[in-house]
Amino acid sequence: MNKLNLERLELCEIEMPLRAPFETSFGSVSKRRILIIRVIDRDGAIGYGECTAPEEPFYNHETIDTAWSIISSFVAPLLARNSIEAATDVSDVLAPIKGNRMAVGGVEAAIWDLEAKRGNTSLWQHLDGNREQINCGVSIGLQKTPEILLEKVTHEVQSGYQRIKLKIKPGQDIELVKTIRSNFPDILLSVDANSAYRLDRDINVFEQLDEFGLLMIEQPLAAGDLVDHAKLQKLLKTSLCLDESITSLREAQHALELGSCRIINIKLGRVGGHSEAKAIQGFAAKNGVPIWCGGMLESGIGRAHNIAMSTLPGFTLPGDVSASARYWEEDIIEPPVTVSSEGTINAPKGPGIGYAVNETKIEELTVRKETIRLYLGAASSESG
Ligand code: OSB
Ligand code: MG
């Protein structure tokens, strides 16, 4: 494939109100601030990425503002100083940056899209995906009452989604799961705690959750607690799944070696982009560990990247990759992502991410922009 010739990087913050607030153990969000990344080459081709860092540092340490700063001050200069010939070069060139995986990952993903477009191939095929249809589940936030939650679950089950995930937190757990399970004895059901529990305090909650035939319990304990997760996994029949804890292949290897989980949630941003996601996917496949694609309430651009990643071998469990219309009145891609009545999404056929980006819509939603040159000596920056 012909070499990349990056010319500039554009950062663009858009504001998108969610159709309904999304509440987790760490807080609630009703209006997303989303960082869209364009990487443009000297032929004028554009690659799109989305930085999944949220508004507040409550999921992990990153926010849209820290990511913006890291990209502008460190990612762009490193890209400008090192010649990037292929998308696979990017994670090595950016490796000196510690942590800040979401900042790195958004840019890395944009370069993969650009490279796929230059090769006139779909991103999912460029990544070596081998599945034309991906399996989809939904993640349902905390609700005011178990009855409202039941209504939401009923709606999503009727829509065809293959797996329902409930958000839980201390005080809102057993009752919720009991209500849903007694109404839907057979569905694939899981819970996600976003690290809200402690092994020393909450063991009896897990013993009760263990009796509901859950597919998995996602990230019950703190992100750094691989050892406590291993202790907890030994006590349970139900598989633990790690989300926040897995920031790299190394963490995934350690988690499996310690027995901290039996399932891994891969999020493109959290692990720093497609190369690291592929490395974890390859490792999981070799070891027979089920993986699935997590979500961060992405706009269509991040969603399209998630779809591409989910076509890789081993993404057998339904992901948190659901229809645009669950989140947005109007998405920024065309067509919007839709899910079949069997709970599947077809991988798009067009080049790159495979969806057209609605630039007019993005322009309308934009609240902040910055352009950074990646070519012609040192990186220079203009704000606007
Ligand atoms: O833990 O998976 C999570 C949303 C924001 C932050 C963290 C998580 C989530 C979700 C929603 O569960 C996934 C989605 O629908 O995009
Ligand atoms: Mg999670």
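Note that ligands are numbered from 1 as they come in the structure, with each ligand's atoms numbered from 1 the same way. All figures in this text were calculated on a predicted structure; none of them were measured in a lab.
For Asp243, the N/O/S atom at the shortest distance from the Mg ion (ligand 2) is named OD2.
At a threshold of 2.8 Å, the Mg ion (ligand 2) has a backbone or side-chain N, O or S atom of Glu218 nearer than that distance. The Mg ion (ligand 2) has an N, O or S atom of Asp192 closer than 2.8 Å.
Proximity to Lys167 (heavy-atom distance under 4.0 Å) selects the following atoms of ligand 1: 1 (O), 2 (O), 3 (C), 8 (C), 9 (C), 10 (C), 12 (O). When each atom of ligand 1 is checked for a heavy atom of Tyr59 under 4.0 Å away, the hits are 7 (C). Interface atoms of ligand 1 facing Glu218, defined by a heavy-atom separation under 4.0 Å, are 2 (O). Against a heavy-atom cut-off of under 4.0 Å, Lys267 is close to the following atoms of ligand 1: 1 (O), 2 (O), 3 (C), 7 (C), 8 (C). Less than 4.0 angstrom separates some heavy atom of Phe22 from each of these atoms of ligand 1: 4 (C), 10 (C), 11 (C). Listed by atom number, the atoms of ligand 1 under 4.0 Å from Ser139 heavy atoms are 10 (C), 11 (C), 12 (O), 13 (C).
Proximity of Lys165 to ligand 1, defined as any heavy-atom pair under 4.0 Å, is confined to the side chain (atoms from C-beta onward). Neither the backbone nor the side chain of Gln219 comes within 4.0 Å of ligand 1, counting heavy atoms alone. At a 4.0 Å heavy-atom cut-off, ligand 1 touches Asp192 through the side chain alone. The part of Asp243 lying near ligand 1 is the side chain, judged by heavy-atom distances below 4.0 Å. For Arg326, no heavy-atom contact with ligand 1 is shorter than 4.0 Å.
Going from atom CG of Asn358 over to atom CD1 of Ile332 covers 8.5 Å, rounded to the nearest 0.5 Å. To the nearest 0.5 angstrom, Asp320 atom CG is 10.5 Å from Ile140 atom CD1. The distance from the CD atom of Gln233 to the CD1 atom of Ile217 is 8.5 Å, given to the nearest 0.5 Å. Here OH of Tyr197 is found 8.0 Å from OG of Ser25. Values are rounded to the nearest 0.5 Å.
A side-chain contact (heavy atoms from CB on, under 4.5 Å) with Gln125 is found for one member of Thr121, Asp128, Leu123 and no other, namely Thr121.
Taking a cutoff of 4.0 Å between a charged side-chain nitrogen and a carboxylate oxygen, Arg33 and Glu13 qualify as a salt bridge. For the pair Glu55 and Lys31, the salt-bridge criterion is not met [side-chain N within less than 4.0 Å of a carboxylate O].
A heavy-atom distance below 4.5 Å is not found between the side chains of Ser195 and Leu221.
With 3.5 Å as the limit, one finds a donor-acceptor pair spanning the side chains of Ser299 and Glu50. Glu251 and Ser245 share no side-chain donor-acceptor pair at under 3.5 Å. For the 3.5 Å distance criterion, the side chains of Glu108 and Ser275 qualify, holding a donor opposite an acceptor. For the residue pair Ser322 and Tyr327, a side-chain donor N or O sits within less than 3.5 Å of a side-chain acceptor on the partner.
When only non-hydrogen protein atoms are considered, atom 1 (O) of ligand 1 lies nearest to Asn194 ND2, 2.7 Å. Given atom 16 (O) of ligand 1, the protein heavy atom at minimum distance is Leu297 N, 2.9 Å. Nearest protein neighbour of atom 6 (C) of ligand 1, counting heavy atoms only, is Met296 SD, 3.6 Å. Looking only at protein heavy atoms, the nearest one to atom 15 (O) of ligand 1 is Tyr327 OH, 2.5 Å. What sits closest to atom 13 (C) of ligand 1 on the protein, heavy atoms only, is Gly295 O, 3.4 Å.
In terms of polar-atom proximity, Arg303 is not counted as a contact of ligand 1, lacking any N or O under 3.5 Å from an N or O of the ligand.
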